[in-house]
Amino acid sequence: MPANASPPPSSRPAPASPLHAAVADDFLAVNRTIMDQLASRIPLVETIGQYIIESGGKRLRPLLVLLAARSLGYAGDRHITLATLVEFMHTSTLLHDDVVDESHMRRGKATANDAWGNAPSVLVGDFLYSRSFQMMVEVGSMRIMDVLSRATCTIAEGEVQQLTNVGNPDTDETAYFETIQGKTAMLFEAASHSGAILADASPDQEAALQHYGRYLGLAFQLIDDLLDYQGDAEAMGKNVGDDLAEGKPTLPLIQAMAAGSPAQRSLVRQAIRQGGLDHLDEVLAIVRDTGALDYTRTRAEEMADKALAQLDALPESPFRDSMAELARLAVDRQN
């Protein structure tokens with residue numbers, strides 16, 4: 001796709017789902033605000049920004065902001081800006097991650113770096129980060145700015161930690177959870193936490209929503225890592241074995257090495273060190289035969305149960321019901 005290509009239509013909303021029903025109007029307002037905030041005097045910024053924003057994501061993080069705020073009775077409109085900026089933070093990390101991982105496909109489409117090159121993708125990611133901080137100022141809460149600015153540092157550290165773990169078969173489960181807490185769960189946590197702050201939550205409710213987001217994010221990442229070894233490529237929009245190809249020691253591999261025979265352990269270690277897909281079939285058999293996939297799913301279910309338990313601190317409402325369903329979806333999904 002050439003750099004001067006016209007941007008895709010900006011009126012196309014992100015697909016809604018039953019999870020969005022409780023905040024359907026808010027969700028439409030977030031979609032409109034996303035497109036408004038993508039405006040730039042540089043056409044390429046809008047082109048790439050709209051391409052990645054409209055590429056089929058679930059918009060879970062902005063949804064968490066909306067549900068958290070509404071679950072506590074928030075009746076203003078700043079949650080729309082807050083949800084939008086959280087989505088921009090997430091989208092910027094996708095642009096940067098695809099460059100770091102040298103990815104060519106995301107959600108069944110060419111990545112932005114594949115279509116336009118690494119430099120434009122990184123710079124547009126920087127634009128989206130910068131725009132998100134402009135919107136933080138509009139929200140007007142120093143506590144929310146503190147939560148989100150700390151989150152950006154933690155996310156960056158998580159990404160660096162993941163990079164240092166690549167090709168390292170000695171990465172253990174503790175290091176793995178530290179990594180996914182930083183690179184994935186932190187933004188889930190910040191989304192639900194900031195929504196609670198915006199709604200003037202009580203200390204107990206604020207802590208509950210913060211921890212709900214954390215456990216939900218961990219459950220989602222665990223299932224992502226599981227699906228890399230047993231998912232459907234078409235449904236996922238990426239290839240099975242991508243993590244192995246990049247030499248990432250995720251929990252299915254870590255557990256396979258812990259539970260496998262010496263020969264199985266040796267083969268998995270070699271596959272992690274080398275990267276690539278030369279041993280994909282053997283590794284797929286090992287993670288299945290050692291129970292590593294079942295183990296990973298069990299850990300994901302534990303995190304989802306912990307997320308559900310946090311909702312006891314909230315009053316009954318359709319918003320709380322949607323958050324409960326989201327926790328269940330985290331472990332039942334196929335993409």
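Quick note: numbers below take in every heavy atom, side chains included, and nothing from hydrogens, waters or symmetry partners.
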Asks: Would you check if Leu209 and Met323 make a side-chain contact, meaning some heavy-atom pair closer than 4.5 Å?
Replies: yes

Asks: Look up atom CD in Gln230 and atom CG in Asp294, then write down how far apart they are to the nearest 0.5 Å.
Replies: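 The distance works out to 8.0 Å.
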
Asks: What's the shortest heavy-atom distance between Thr290 and Ile286, and which atoms?
Replies: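 Looks like OG1-O, 2.7 Å.
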
Asks: List in chain and number order the residues that pass ring pair (Phe, Tyr, Trp, His ring centres under 6.0 Å) with Tyr176, two or more places apart in sequence or in another chain; answer none if no residue qualifies.
Replies: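 Ring pair (Phe, Tyr, Trp, His ring centres under 6.0 Å) list for Tyr176, sorted by chain: empty.
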
Asks: Does Ile53 reach the side chain of Arg59, with side-chain heavy atoms less than 4.5 Å apart?
Replies: yes

Asks: Show me the donor-acceptor pairs within less than 3.5 Å that the side chains of residues 60-70 make with the rest of the protein, sequence neighbours left out.
Replies:
{"unit_1": "Arg61", "atom_1": "NE", "unit_2": "His90", "atom_2": "ND1", "d": "3.4"}
{"unit_1": "Arg61", "atom_1": "NH1", "unit_2": "His90", "atom_2": "NE2", "d": "3.4"}
{"unit_1": "Arg70", "atom_1": "NE", "unit_2": "Asp26", "atom_2": "OD2", "d": "2.8"}
{"unit_1": "Arg70", "atom_1": "NH1", "unit_2": "Tyr74", "atom_2": "O", "d": "2.6"}
{"unit_1": "Arg70", "atom_1": "NH2", "unit_2": "Asp26", "atom_2": "OD1", "d": "3.1"}
{"unit_1": "Arg70", "atom_1": "NH2", "unit_2": "Asp26", "atom_2": "OD2", "d": "3.3"}
{"unit_1": "Arg70", "atom_1": "NH2", "unit_2": "His79", "atom_2": "NE2", "d": "3.4"}

Asks: Treating Gln50 as the side-chain partner and Thr47 as the backbone partner, does any N or O pair qualify as donor plus acceptor under 3.5 Å?
Replies: no

Asks: Tell me every residue that passes side-chain contact (heavy atoms from CB on, under 4.5 Å) with Asn165, counting only those two or more places apart in sequence or in another chain.
Replies: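 Listed in chain order: Gln161, Thr171, Thr179, Pro249.
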
Asks: Hey, does the side chain of Arg297 reach the backbone of Val331 with a donor-acceptor pair shorter than 3.5 angstrom?
Replies: yes

Asks: Mark yes or no for whether Thr111, through its side chain, and Ser103, through its backbone, hold a donor-acceptor pair below 3.5 Å.
Replies: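 Confirmed, Thr111 side chain pairs with Ser103 backbone.
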
Asks: Taking the hydrophobic residues Ile, Leu, Val, Met, Phe, Trp and Tyr, and joining any pair whose side-chain heavy atoms are under 4.5 Å apart, which ones share a cluster with Val100?
Replies: Leu163

Asks: Nearest 0.5 Å, what's the CG-CD1 distance between Leu72 and Ile197?
Replies: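 Atom-to-atom, Leu72:CG and Ile197:CD1 are 11.5 Å apart.
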
Asks: Just jot down the ring pair (Phe, Tyr, Trp, His ring centres under 6.0 Å) partners of His193, sequence neighbours excluded, or say none.
Replies: none

Asks: Would you please classify the geometry between the Trp116 ring and the Tyr51 ring as parallel, tilted or perpendicular, with 30° and 60° separating the classes?
Replies: perpendicular

Asks: Do any side-chain atoms of residues 34-41 form donor-acceptor pairs under 3.5 angstrom with protein atoms, and if so which ones, sequence neighbours left out?
Replies:
{"unit_1": "Ser40", "atom_1": "OG", "unit_2": "Ile42", "atom_2": "N", "d": "3.0"}

Asks: Quick check: does any side chain N or O of Ser132 sit under 3.5 Å from a backbone N or O of Tyr129, one acting as donor and the other as acceptor?
Replies: yes

Asks: Testing the basics here: between Ser71 and Ser317, what is the closest heavy-atom pair and its distance to 0.1 Å?
Replies: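 So the minimum-distance heavy-atom pair works out to CA-OG, 4.3 Å.
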
Asks: Would you mind listing every salt bridge (charged side-chain N to carboxylate O under 4.0 Å, His left out) that reaches into residues 118-145, with sequence neighbours excluded?
Replies: Arg143-Glu206

Asks: Applying salt bridge (charged side-chain N to carboxylate O under 4.0 Å, His left out), which residue pairs with at least one partner in residues 180-205 are found, sequence neighbours left out?
Replies: Glu189-Arg214

Asks: If only atom types and distance count, is the side chain of Ser121 paired as donor or acceptor with the main-chain N or O of Asn113 below 3.5 Å?
Replies: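 Yes, Ser121 side chain to Asn113 backbone: donor-acceptor pair under 3.5 Å.
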
Asks: Determine, stepwise, if the pair Arg32 / Ile80 fulfils side chain to side chain contact (heavy atoms under 4.5 Å, CB included).
Replies: CA-CA 10 Å; Arg32 289 193 296 269; Ile80 303 300; over 6 Å; no

Asks: Establish, yes or no, whether a centroid distance under 6.0 Å links the rings of Phe188 and Phe220.
Replies: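 They qualify: ring centres under 6.0 Å apart.
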
Asks: Could you tell me which non-hydrogen atom of Val30 sits nearest to which non-hydrogen atom of Ala83, and how far apart they are?
Replies: CG2-CB, 3.8 Å

Asks: Go through Met89 and Leu187 one step at a time and tell me if the side chain to side chain contact (heavy atoms under 4.5 Å, CB included) criterion holds.
Replies: CA-CA 8 Å; Met89 289 173 64; Leu187 192 53; 3.9 Å; yes

Asks: Within this structure, what is the CD-CG distance for the pair Glu178 and Asp172, rounded to the nearest 0.5 Å?
Replies: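 Those atoms lie 8.0 Å apart.
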
Asks: Tell me, please, which residues at least two apart from Tyr215 pass side-chain hydrogen bond (donor to acceptor under 3.5 Å, both in side chains).
Replies: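 None.
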
Asks: Quick one: closest heavy-atom pair of Val166 and Glu246, and the distance?
Replies: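 Nearest pair, atom of Val166 first, then Glu246: CG1-O, 3.1 Å.
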
Asks: Hey, are the side chains of Tyr229 and Leu244 touching, using non-hydrogen atoms and a 4.5 Å cut-off?
Replies: yes

Asks: To the nearest 0.5 Å, what is the distance between NE2 (His104) and CG (Asp98)?
Replies: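 Answer rounded to 0.5 Å: 10.0 Å.
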
Asks: Can you see which heavy atom on Ser194 is nearest to which on Leu148, and at what distance?
Replies: OG-CD2, 4.4 Å

Asks: Anything under 3.5 Å between a donor and an acceptor, one on a side chain of residues 301-315, the other on a protein residue two or more places apart or in another chain? List them.
Replies:
{"unit_1": "Glu302", "atom_1": "OE1", "unit_2": "Arg299", "atom_2": "NE", "d": "2.8"}
{"unit_1": "Gln310", "atom_1": "NE2", "unit_2": "Lys306", "atom_2": "O", "d": "3.4"}

Asks: Any ion pair linking Asp228 and Lys248 (charged N to carboxylate O, less than 4.0 Å)?
Replies: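 No, no charged N to carboxylate O under 4.0 Å.
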
Asks: Table please: side-chain donor-acceptor pairs of residues 272-280 below 3.5 Å, with sequence neighbours left out.
Replies:
none

Asks: When you measure from the side chain of Tyr212 to the backbone of Ala324, do you find a donor-acceptor pair of N or O atoms at a distance under 3.5 Å?
Replies: no

Asks: In chain order, what residues pass the side-chain hydrogen bond (donor to acceptor under 3.5 Å, both in side chains) check against Ser322, with sequence neighbours excluded?
Replies: none

Asks: Using the rule that Ile, Leu, Val, Met, Phe, Trp and Tyr join whenever any side-chain heavy atoms are under 4.5 Å apart, tell me whether Tyr295 and Leu226 fall into a single cluster.
Replies: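 Not linked; separate clusters.
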
Asks: Can you tell me if Ser266 uses its side chain to pair, donor with acceptor, with the backbone of Pro262 under 3.5 Å?
Replies: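 Flag not set: sc Ser266 to bb Pro262 has no pair under 3.5 Å.
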
Asks: Using the rule given for side chain to side chain contact (heavy atoms under 4.5 Å, CB included), can you reason through Glu173 versus Leu251, listing the C-alpha separation, both sets of side-chain angles and the distance that settles it, and then say yes or no?
Replies: CA-CA 7 Å; Glu173 189 168 329; Leu251 190 58; 3.8 Å; yes

Asks: Given side chain to side chain donor-acceptor pair (under 3.5 Å), test Thr84 with Glu87 step by step and report yes or no.
Replies: CA-CA 5 Å; Thr84 302; Glu87 179 67 4; over 6 Å; no

Asks: Tell me the closest heavy-atom pair linking Ala327 and Leu216, and the distance in Å.
Replies: CA-CD1, 3.7 Å

